[in-house]
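Worth saying up front: this structure is predicted, and the values here are computed from it rather than measured. Below, chains carry the letters A, B, ... as their sequence lines are ordered, and counting in each starts from 1.
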2 protein chains.
Amino acid sequence: MYLGKRIKELREEKALLQRQLAAELEIDTPMYSKIERGERKAKREQVIKLAKLFQVEEKELLMLWLAGQVYELVKDEEVAKEAIKVVEQNL
Amino acid sequence: MYLGKRIKELREEKALLQRQLAAELEIDTPMYSKIERGERKAKREQVIKLAKLFQVEEKELLMLWLAGQVYELVKDEEVAKEAIKVVEQNL
DNA sequence: ATGGACTTGTCAGATTTTGGCTAATTTAAT
DNA sequence: ATTAAATTAGCCAAAATCTGACAAGTCCAT
């Protein structure tokens, strides 16, 4: 998963533990673990908080977060590419 | 909405009434009306049935249906374009 | 002003999502 | 190999969302 992969990188760079970030986000550790692995999706607010904690651009993480959701939506569809292109046109 | 616009066109081309299509899909007319206007989203099965009824490529309607969902997901996000591009890369 | 087509609003029931708990597994160090 | 810490898996109830149906409304032509 897009966001999960990135925040895992960031967490390891800064040598933080899942439970520390979980505490910051006020969720439990298993939940944070799931977000990192993309098993659960973070909420917008949590992504923003993570950007602050890691001191990276909010936009970067929000973009990955959104991309992950789009990917989940289209991944099993034969017409995924075409659909994406159509949306891209109209943005 | 992508799909709604298209099935309205098709319905008018063939001079059919909403209630006729609603009957085919086994839903009530208000529901069909909402699907056409994009107020409710059709389910996959209904889209396929509609393609058969209108005698158009299943793929065409499924693509529009998917595009509509993607659009709903990203439309209010500042990072929509970038996110879409990232997904496009990885398909 | 009646009738037919379509739309709007509402609502309970069904389905999904969510958060947190416990327990299992993996990892790292001694 | 044993322990302790970190991470993951599985489960369950509460909350939120989605669904289908109905009643009532508008709009338009006759």
Heavy-atom closest pair (A:L73 atom, B:L66 atom, distance to 0.1 Å) is O-CD1, 4.0 Å
Heavy-atom nearest pair, A:A42 first then A:L3, reads CB-CD2, 4.3 Å
message = I'd like to know if the side chain of A:W65 and the backbone of A:V47 have a donor-acceptor N/O pair within less than 3.5 Å.
response = no
Value for CG (B:L21) from CG (B:L53), rounded to nearest 0.5 Å, stands at 6.5 Å
Integer-rounded Å distance: [N] [atom2] and [X] [atom1]:
X: A:E39; N: D:dG10; atom1: CD; atom2: C1'; result: 9 Å
X: A:L17; N: D:dT8; atom1: CG; atom2: C1'; result: 15 Å
X: A:R37; N: D:dT8; atom1: CZ; atom2: P; result: 5 Å
X: A:E36; N: D:dA6; atom1: CD; atom2: C1'; result: 11 Å

Quiz: residues 84-91 of chain A side-chain donor-acceptor pairs under 3.5 angstrom, not counting sequence neighbours:
from: A:N90; atom 1: ND2; to: B:Y2; atom 2: OH; distance (Å): 3.4

Protein-proximity profile, nucleotides 12-18 of chain D, B/S/- by nucleotide at the 4.0 Å heavy-atom cutoff, equals -------
Nucleotide by nucleotide, nucleotides 25-30 of chain D touches protein heavy atoms under 4.0 Å in the pattern (B base, S sugar-phosphate only, - none) ------
Bend of the helix from C:dA1-D:dT30 to C:dT30-D:dA1 from end-axis comparison, five pairs per end, nearest 10°, comes to 40°
What residues 21-32 of chain A contributes to the DNA chain C interface at heavy-atom separation below 4.0 Å is A:I27, A:D28, A:P30, A:M31
side-chain N/O B:K43 vs D:dG20 OP1/OP2, d < 4.0 Å: yes
ask   = Between A:Q18 and D:dA5, does any side-chain N or O lie under 4.0 Å from OP1 or OP2?
value = no
Transitive ILVMFWY side-chain link B:L10 to B:L17, under 4.5 Å = no
Salt bridge (Lys or Arg N to Asp or Glu O under 4.0 Å): which pairs involve [range], sequence neighbours left out?
range: residues 61-71 of chain B; value: none
range: residues 54-68 of chain A; value: A:R6-A:E60, A:K59-B:E78
range: residues 13-29 of chain B; value: B:E26-B:K49
range: residues 66-77 of chain A; value: A:E72-A:K75, A:E77-B:R44

A:T29 meets the side chain to side chain donor-acceptor pair (under 3.5 Å) criterion, sequence neighbours left out, with none
A:R19 has its side chain closest, among D:dA9, D:dA6, D:dA21, to D:dA6
Hits for salt bridge (Lys or Arg N to Asp or Glu O under 4.0 Å) against B:E36, two or more places apart or cross-chain, chain-then-number order -> B:R11
As a quick check of understanding, evaluate side chain to side chain contact (heavy atoms under 4.5 Å, CB included) for A:Q69 and A:K41, giving each step before the final call. CA-CA 8 Å; A:Q69 289 179 66; A:K41 80 177 181 207; 3.7 Å; yes
Side-chain heavy-atom pair [X], [Y] within 4.5 angstrom cut-off:
X: B:I7; Y: B:I35; answer: yes
X: A:I27; Y: A:Q46; answer: yes
X: A:R37; Y: A:K34; answer: yes

In the 5' to 3' direction, the nucleotides of DNA chain C bounding the stretch that comes under 4.0 Å of a heavy atom in chain B are C:dA5 to C:dT10
